[in-house]
Novice: 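The structure that follows is given in the form of structure tokens.
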Amino acid sequence: MFRSLILRFAIPALVVVAATALIAMPYVERMFSDWFRSDVELRAGLVMDSMGESLDRLVGTPKSPELRTTLARVTQDRRLIAVLICGIDGSKIHATQQVPREVDCDQARASESQVSGTVATTTGSVYVSRFERRPLDAQPYRIFLIHDLSFLDSRRGRMRQYTMALGAVGGVLLVGLAVFVAWLILRRWTATLLKDIKSLRFLDEVRGVESSSPVLSQVRKVLQDIEQNQRLEIDYRENWTPEALTHVVQERLGSPQMLVVSNREPYLHMRAPDGSISVQVPASGMVTALEPVIRACSGTWIAHGSGDADRDVVDSKDRVAVPPDNPSYTLRRVWLTEEEETGYYYGFSNEGMWPLCHLAYVRPAFRQEDWQQYQKVNAKFADVVEREARSERPIVFIQDFHFALLPALIRERRPGATIMMFWHIPWPNAETFGVCPWREELLRGLLMSDVLGFHTRYHCQNFLATVDRFIECQIDHEHMTITTQGHVCHVAPYPISIEWPPRWLAGLPDIATCRREVRQRHGIGEQTHIALGVERWDFTKGIVERFHALEKLLDQYPSWRGRVSLLQVAAPTRARLPAYQVIQRDTYAEIERINARFATTDWKPIVLIDTHQAPKQVFELYRAADLCLVNSLHDGMNLVAKEFVAARDDDEGVLVLSTFAGASRELVEALLVNPYDIGQTAEALRLALEMPMEERRERMRLMRRTVKENNVYRWAGIMLMDAQRVRQRQRLIRGTRTLLPSGGARI
Ligand code: GDG
């Protein structure tokens with residue numbers, strides 16, 4: 001560091017001091033000469049004053065020895081070397097011995113108008129002081145006192161030495177001051193930098209460095225302290241809002257361009273039979289979570305345009321501003337051919353990856369032609385990302401299993417991008433994942449992310465174990481990082497959530513009104529309890545198992561017959577695929593069978609809503625329900641559980657939740673069930689229906705607090721801050737390379 005300070009500050013300061021001294025020297029010299037000259041003039045004046053009148057008298061008798069003696073006495077002064085007395089007409093009256101040839105009476109007359117001055121002679125410069133006397137009783141005359149100026153040269157030489165010495169001392173002091181100030185600035189800069197990077201979590205890298213650099217050890221130590229504090233700060237922070245998230249993006253991240261990439265788009269434009277265009281919010285947990293985030297951060301959302309009127313509303317660059325009622329970000333639609341959609345979306349993603357990652361005992365299907373389309377579509381999206389990126393370092397936030405190859409493809413095209421990948425579904429164990437014929441390619445694609453997020457720590461560990469099994473890489477289990485081809489991917493759990501409060505709640509009537517309207521709409525009696533199920537119609541959601549649990553309840557506790565109905569929303573999804581057709585068939589068949597067993601003229605055990613609902617309708621159902629049954633067979637998180645809790649501002653309602661849903665790790669006050677254990681689920685239903693009001697409220701209050709604090713702004717904020725740490729770490733690494741002579745150490 002000292003060497004760098006010398007190089008950066010001391011040498012330039014010395015150069016400045018030397019240049020200043022050189023420029024100033026002639027001025028200083030002139031000042032000294034003027035000073036000496038006025039000294040000589042003063043002396044000459046004194047001499048004339050002392051000789052004055054006696055000289056007037058003696059000049060009248062120029063031959064008198066008295067004049068000679070007087071002038072000889074005067075010229076005994078070391079610096080007054082000669083005296084010349086001339087008549088006004090230029091005649092010489094008297095000259096002492098050493099009058100130089102260059103000074104004579106003619107010349108004196110010629111220079112009548114001139115005042116005293118320096119005259120160059122063969123023996124050096126002399127200074128001539130000129131006086132004119134006009135005695136009353138004698139002829140006027142001029143007297144020239146000739147001074148030796150050689151002492152001036154010697155004084156000038158000494159003066160130069162003194163000036164140089166003074167300059168050197170001043171220079172040293174100035175350099176010292178410059179270095180001191182530079183050190184202070186550097187210290188402040190370091191402190192600011194460290195404050196700036198106080199949330200750096202990648203201390204694994206920092207700790208790993210073997211370096212004797214004092215800067216690095218200091219940075220390492222401070223980083224460790226602040227990471228500790230930062231963790232506490234984040235963990236105990238309760239008020240994550242859209243504004244807080246915006247602040248993180250603008251202040252901490254410096255407003256980078258944000259690009260979200262997903263398969264499903266947040267808004268579909270659909271054409272109604274009458275030709276009008278309406279907007280639909282899809283039934284998708286990913287959209288539910290991400291939409292509030294991009295609304296707060298702005299940017300561009302790149303997604304497959306799958307609405308049948310999507311092309312009618314985009315501009316020439318396939319963009320449309322959304323949300324339709326109050327646009328705040330850009331939706332960039334990507335068009336897929338029939339072949340691409342079949343292979344990439346229905347085939348590889350939903351018949352391969354989805355069943356592969358969910359333990360729901362539906363066998364994944366992997367076909368070469370699907371894989372080719374998956375690769376092709378991933379590359380297509382990578383090209384769109386490249387085209388949409390306005391800088392070399394955008395933040396690209398990739399969603400889900402449709403785009404496992406995208407991180408690597410974007411890294412190739414935009415090496416400086418910060419790539420965040422979130423995997424919305426579970427990650428299976430290594431053995432299960434290993435059945436995928438293209439497991440290595442998928443893993444290598446994912447590992448080019450900077451941050452790779454899963455819902456739970458368990459899924460992260462499964463991922464690390466899978467990578468460990470199939471990829472040659474360095475894994476740091478303690479700090480959850482995987483290094484491949486020199487790139488570090490940070491793997492961490494980020495439990496996803498919903499916005500708080502959900503925007504769909506605004507304008508909904510009170511609970512009693514919601515209950516009344518829902519009951520009327522679906523033919524449910526006043527006295528009947530409503531157990532609610534809301535899902536995409538997916539085989540992982542445990543819809544049929546739910547019916548069986550209700551059947552068991554009605555079998556075991558006949559007193560509940562006629563007093564509880566299961567109101568089930570099943571939003572059609574991926575209906576082209578055989579596995580989804582099976583679940584739809586099973587749903588209808590089981591409802592028919594169970595209703596046939598128990599239904600009465602005015603009561604049905606199961607009421608099915610098999611069409612897509614508007615989000616507000618979904619929230620109205622949450623508010624109307626007595627309990628919500630979320631018994632997924634396997635679920636990354638499950639946002640229905642969180643939405644139900646958020647909708648219950650009356651602190652009422654009971655949540656029955658599968659232990660195989662990620663949400664069960666947070667909502668521990670729910671009644672947790674194993675969805676495969678039908679008896680246990682039935683028992684949980686009974687408990688929920690019979691739970692005392694106080695207990696219901698206490699559980700609901702605690703869950704509401706959890707969802708409020710751990711809302712989706714927090715989820716995105718923490719992930720973005722981790723991404724920011726990656727950026728800072730990259731900056732630090734670059735900075736360290738310039739500081740360290742070897743240039744190779746990582747911090
Ligand atoms: C994946 C993971 C993870 C349901 N029916 C309708 C409708 N919905 C909405 C719900 C909720 C969303 O769909 C479903 O979210 P989930 O989280 O339950 O499930 P997935 O779609 O499978 O989501 C999941 C999630 O990603 C986030 O990471 O939690 O584990 O599988 O918001 O309200 N919405 C509308 N009409 C319906 O009929 N508009």
Side-chain angles (χ1 to χ4, degrees), residues 260 262-268 270 278-293 349-350 353-355 357-360 397-402 421-427 453-456 459 493-499 502-505 532-543 567-575 580 583 608-623 625 628-647 655 657-658 660-667 707 710 712 715-716 719:
V260 170
S262 72
N263 172 71
R264 178 65 63 225
E265 55 183 340
Y267 297 96
L268 288 87
M270 306 295 285
S278 63
V279 176
Q280 193 183 89
V281 175
S284 155
M286 181 278 300
V287 168
T288 301
L290 259 291
E291 213 278 338
V293 170
S349 298
N350 287 318
M353 298 299 282
W354 180 267
C357 293
H358 288 94
L359 298 180
F397 195 1
I398 306 167
Q399 311 303 319
D400 238 350
F401 58 99
H402 311 90
M421 170 92 201
F422 193 78
W423 196 261
H424 289 260
I425 60 176
W427 189 276
F454 296 93
H455 291 298
T456 67
H459 297 154
Y494 302 97
I496 208 166
S497 194
I498 56 168
E499 62 183 327
R503 67 181 154 144
W504 309 117
L505 267 185
L532 180 68
V534 176
E535 359 273 338
R536 285 186 306 101
W537 211 337
D538 197 287
F539 56 80
T540 60
K541 301 294 181 181
I543 294 174
L567 181 55
Q568 177 67 53
V569 175
T573 178
R574 307 168 194 170
Y580 289 80
I583 180 71
L608 180 70
I609 306 172
D610 59 0
T611 52
H612 182 272
Q613 303 294 292
K616 261 196 185 280
Q617 291 175 308
V618 174
F619 273 80
E620 190 187 36
L621 293 172
Y622 290 141
R623 284 166 77 76
C628 184
L629 185 48
V630 177
N631 60 320
S632 319
L633 304 179
H634 203 189
D635 220 333
M637 174 56 70
N638 193 291
L639 295 183
V640 168
K642 294 190 173 181
E643 286 174 345
F644 174 64
V645 166
L655 177 64
L657 180 58
S658 163
F660 303 132
S664 64
R665 310 292 154 103
E666 290 175 85
L667 302 177
V707 179
N710 302 317
V712 79
W715 171 80
M719 217 171 160

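Counting starts at 1 for both ligands and their atoms, in listed order. Only a predicted model underlies this, so the values are computations on that prediction, with no experimental measurement involved.
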Novice: What protein heavy atom is closest to atom 29 (O) of ligand 1, reported as residue, atom name and distance in Å?
Specialist: N638 N, 2.8 Å
Novice: Determine yes or no for a side-chain-to-main-chain donor-acceptor pair under 3.5 angstrom, with N638 supplying the side chain and A663 the backbone.
Specialist: no
Novice: Among I498, V712, L639, which one satisfies side chain to side chain contact (heavy atoms under 4.5 Å, CB included) with V707?
Specialist: I498
Novice: Taking 4.0 angstrom as the limit and counting only heavy atoms of T288, give me the atoms of ligand 1 inside it, by number and element.
Specialist: 11 (C), 12 (C), 32 (O)
Novice: Counting heavy atoms only, which part of H455 comes closer than 4.0 Å to ligand 1: side chain, backbone, both or neither?
Specialist: side chain
Novice: Checking a contact table here: which protein heavy atom is nearest atom 8 (N) of ligand 1, and how many Å away?
Specialist: A283 CB, 3.6 Å
Novice: Taking N or O atoms only and a 3.5 Å limit, does H358 qualify as a polar contact for ligand 1?
Specialist: no
Novice: Could you tell me the residue and atom name of the protein heavy atom closest to atom 19 (O) of ligand 1, and the distance to it rounded to 0.1 Å?
Specialist: K541 NZ, 3.1 Å
Novice: Mark up the atoms of ligand 1 that fall under 4.0 Å of a heavy atom belonging to V281, in ascending order.
Specialist: 39 (N)
Novice: Carefully, step by step, assess F660 and L633 under the rule side-chain contact (heavy atoms from CB on, under 4.5 Å).
Specialist: CA-CA 6 Å; F660 303 132; L633 304 179; 5.9 Å; no
Novice: Starting from atom 26 (O) of ligand 1, locate the nearest protein heavy atom and write down its residue, its atom name and how far away it is, to 0.1 Å.
Specialist: H424 CB, 3.6 Å
Novice: I need the H634 NE2 to T540 OG1 distance, nearest 0.5 Å.
Specialist: 9.5 Å
Novice: Check ligand 1 against Y622 and write out every atom of the ligand that is under 4.0 Å from a heavy-atom position of the residue.
Specialist: 33 (O)
Novice: Please state which part of P615 comes within less than 4.0 Å of ligand 1, counting heavy atoms only: side chain, backbone, both or neither.
Specialist: both
Novice: Starting at OG of S284, measure out to CZ of R536 and round the result to the nearest 0.5 Å.
Specialist: 7.0 Å
Novice: Distance to 0.1 Å, residue and atom name: give those for the protein heavy atom nearest to atom 22 (O) of ligand 1.
Specialist: R536 NH2, 2.8 Å
Novice: Just how far is it from atom CG of L567 to atom CG of L629, taken to the nearest 0.5 Å?
Specialist: 12.0 Å
Novice: Geometry only, no angles: is W354 polar-contacting ligand 1 at N/O separations under 3.5 Å?
Specialist: no
Novice: Heavy atoms only: which of G636, G285, A289 is nearest to atom 12 (C) of ligand 1?
Specialist: G285
Novice: Could you tell me whether ligand 1 has any atom less than 4.0 Å away from a heavy atom of Q280?
Specialist: no
Novice: For M286, counting its heavy atoms only, list the atoms of ligand 1 lying under 4.0 Å from any of them.
Specialist: 26 (O), 27 (C)
Novice: Let me confirm one number: the CZ-OG1 distance from R264 to T573, rounded to the nearest 0.5 Å.
Specialist: 6.5 Å
Novice: Rounded to the nearest 0.5 Å, how far apart are CD of Q617 and OG1 of T611?
Specialist: 8.0 Å
Novice: I would like to know whether Y267 and V287 meet side-chain contact (heavy atoms from CB on, under 4.5 Å); could you show each step before the answer?
Specialist: CA-CA 9 Å; Y267 297 96; V287 168; over 6 Å; no
Novice: Name the orientation class of the two ring planes belonging to H358 and W354 (parallel below 30°, tilted from 30 to 60°, perpendicular beyond 60°).
Specialist: tilted
Novice: Can you find an N/O atom of D635 closer than 3.5 Å to an N/O atom of ligand 1?
Specialist: yes
Novice: Is there any N or O on L639 that sits under 3.5 Å from an N or O of ligand 1?
Specialist: yes
Novice: Among all protein heavy atoms, pick the one closest to atom 4 (C) of ligand 1 and tell me residue, atom and distance.
Specialist: V534 CG1, 3.6 Å
Novice: Looking only at distances, please establish whether an N/O atom of ligand 1 is found under 3.5 Å from an N/O atom of M637.
Specialist: yes
Novice: Give the residue, atom name and distance (to 0.1 Å) of the protein heavy atom nearest atom 10 (C) of ligand 1.
Specialist: E643 OE1, 3.4 Å
Novice: Short question: side chain of K642, backbone of I496 - any donor-acceptor pair under 3.5 Å?
Specialist: yes
Novice: Take the angle between the ring planes of F401 and W423 and call it parallel below 30°, perpendicular above 60°, tilted in between.
Specialist: perpendicular
Novice: Around atom 36 (N) of ligand 1, find the nearest protein heavy atom and jot down its residue, atom name and distance.
Specialist: Q613 O, 2.5 Å
Novice: Pull out every atom of ligand 1 sitting under 4.0 Å from any heavy atom of I496, numbered as shown with elements.
Specialist: 27 (C), 28 (O)
Novice: To the closest 0.5 Å, what do you measure between CD (Q568) and CD (E535)?
Specialist: 5.0 Å
